[in-house]
Participant: 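Got a structure for you, written out below as structure tokens; questions coming shortly.
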Amino acid sequence: MKKLMFAAPLALFASVAIASDLEARVEEMMLSSFKANGIASLDRQKRDEIQKACSSPTQPDAETMKRLEAVEMQTIQWPANGDYWQGGSWEEGQRIALSGRGLTWTDNADTVNGGGCYNCHGLDPANESAGTIGPALHGYAKVRGTSEEIVKYTWGKLWNAKAYNACSDMPRNGFGGILSEEQIRHVMAYLFDPASPVNK
Amino acid sequence: MRKKLLATVVGTAAVLAASSMTSAQELNFDEYRQMLRDGNPAELFEMEGEELWVTARGPKNATLEQCDLGLGPGVVEGAAAQMPRYFADTDKVQDLESRLMTCMETLQGIDSKEIIDGRFRQGERGKVAAIVAYVTGQSHGHKINVDLSDPKVKDMYDLGEKAFFYRTGAMDFSCASCHSQDGLRIRATGLPNITTPEGAAEGWGSWPAYRVSNSQFWTMQHRLWDCFRQQRTAEPIFGSDVTIALSVYMAGKGNGGEAVWPGVKR
Amino acid sequence: MAGPMRIRAASADGVTEVRVLMSHPMETGQRRDSSGEPIPAHYITELTAKHGDKTVLTAYMGPSVSTNPYLAFKFQGGAAGDTVQVSWVDNKGESRTDEVQIR
């Protein structure tokens, strides 16, 4: 009887040890199996807290998600001049949405990054070769309007999607330096300008 | 006369292009792939690879006919369907490409470093790809059958599963970002759900493949390399543990599915 | 690259079906390389298929045909064991001939 009672906690300890050992080994592998190439440096293999928390098939509990989201929310830079989209150009925004360029080891520091929006989202209803990983955003402002709330939410989502869903599949465009403030304003115009094909 | 004929052909092509985008369903290109299968240019690489297999090359001027792909020296038929597998002589779990490097080094004296540091479709790494076309072609129609009861293979599977969900890089992507749900597309390209046996078999069982859009033959190492490129990670090393682990995960998950090697892609 | 063609020929009910896969870059002359230099045109201009001494197909091809072209055609006649020979010539004057026995 005594022996059994001892055995149970020991077995539990062993399986926890194996799990954390696997975690350490995968971290080591994700570093040692890669090499730096141009702008794609090795520090890309080290995860920040969000990436680490969202590296399993199941997302963290609600409390952890909330805490992580609050941290990301603090990183959002709101437009310095208060202009969310009026000064942007939907034509420029369209180019950014269509471009999937930038940040790979076949790009260089001078490459103008795209947003790659069409990889995952339908935007212009006429463009049928859009991806379906994210929700379709056809008629974005026509459907949602242009209230301050939706405009601010959209800016924030574009800047750092993880502030609204810690484990979102969407990159942190502004926070990660993928798109500049000006580029985000253009993408905003693509979404909100009544003249944009997205809203036709 | 010829000019007129040419104009007709061009006209037809334009009409086809316009109508091919009318239905979202057609974006899956299944019919197109079916048409391509009959004349899959990957066969040209198979022929080249078969020739390379029996050609004496390298500092040791030897062929690969004694290469052991796991079913005994020289046995090619069905070998790829059971890879990756554990090899006692190297004490490693190896995929087909890393195993070929071992054979080329031990039998022919070709330095693996040349392949690891090389570029896809060029030099000795390009030759590995042609041999991959030949060897995988000899498993065409076989069932994927990776031995997960081997503890070393199972260990790589576990590492591969972890790596599959590992979010990192400039855009926070993991393999799972694109490959963990059914029926999704990135742009117009369908994405297999690798977390299901059907999706894993579809992914693992259709590479290596000839890509019609760029007229290139890509091995699984090449496919993974370009996935990581688009994930915005650092560059994975050819034949490194992460590539083997992910291969074991895909192949093991897809066990029982059919290998249609070499495949043909848009 | 001008490796061997992959030719398959099968005869049934007095008709032979020939399937040819050619190894050729088929450069259009319209593309540029990574440094912006034009890539010279390089494509097959003419293809001939013979059954024994008899020409059964002549095809004029151009730069709009894809890399590594695939061509399938049928001709009347041909029996198992006969030889089918396929040749192409490209705009640079390079050529290639391969043959296969009808199955």
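Proteins get letters first, then strands, A, B, ... in listed order; numbering begins at 1 in each. Because the structure is a prediction, the values reported are computed rather than measured.
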Participant: Under 4.5 Å from any heavy atom of chain B, what part of C:R6 do you find: side chain, backbone, both or neither?
Facilitator: both
Participant: Tell me if the CD atom of B:E77 is crowded by more than 12 foreign heavy atoms within 6.0 Å.
Facilitator: no
Participant: Can you tell me how far the CZ atom of B:F45 sits from the CG atom of C:N68, to the nearest 0.5 Å?
Facilitator: 6.0 Å
Participant: Closest heavy-atom contact between B:L44 and C:L21?
Facilitator: CD2-O, 3.8 Å
Participant: Heavy-atom count check: over 12 atoms from other residues, nucleotides or ligands less than 6.0 Å from B:N214 CG?
Facilitator: yes
Participant: Out of curiosity, B:M47 CE to C:S23 OG, how far, rounded to the nearest 0.5 Å?
Facilitator: 8.5 Å
Participant: Side chain to side chain contact (heavy atoms under 4.5 Å, CB included) between B:N40 and C:Y70: does it pass, once the steps are laid out?
Facilitator: CA-CA 8 Å; B:N40 184 356; C:Y70 173 69; over 6 Å; no
Participant: Taking side chain as everything from C-beta outward and backbone as N, CA, C, O, which of these in C:P4 sits under 4.5 Å from a heavy atom of chain B? Side chain, backbone, both or neither.
Facilitator: both
Participant: Taking atom CD of C:E94 as the centre, does the number of heavy atoms from other residues, nucleotides or ligands within less than 6.0 Å exceed 12?
Facilitator: yes
Participant: Partners of C:S87 by side chain to side chain donor-acceptor pair (under 3.5 Å), sequence neighbours excluded?
Facilitator: C:T97
Participant: So B:V212 and C:S66, do their side chains get closer than 4.5 Å, heavy atoms only?
Facilitator: no
Participant: Would you mind checking if B:E43 and C:R8 are paired as a salt bridge, meaning a charged N to carboxylate O distance below 4.0 Å?
Facilitator: yes
Participant: I need the contact set between residues 26-39 of chain C and chain B: heavy-atom distance under 4.5 Å, sorted by residue number.
Facilitator: none
Participant: Please say whether more than 12 non-hydrogen atoms of neighbouring residues, nucleotides or ligands are located less than 6.0 Å from CD in C:Q76.
Facilitator: no
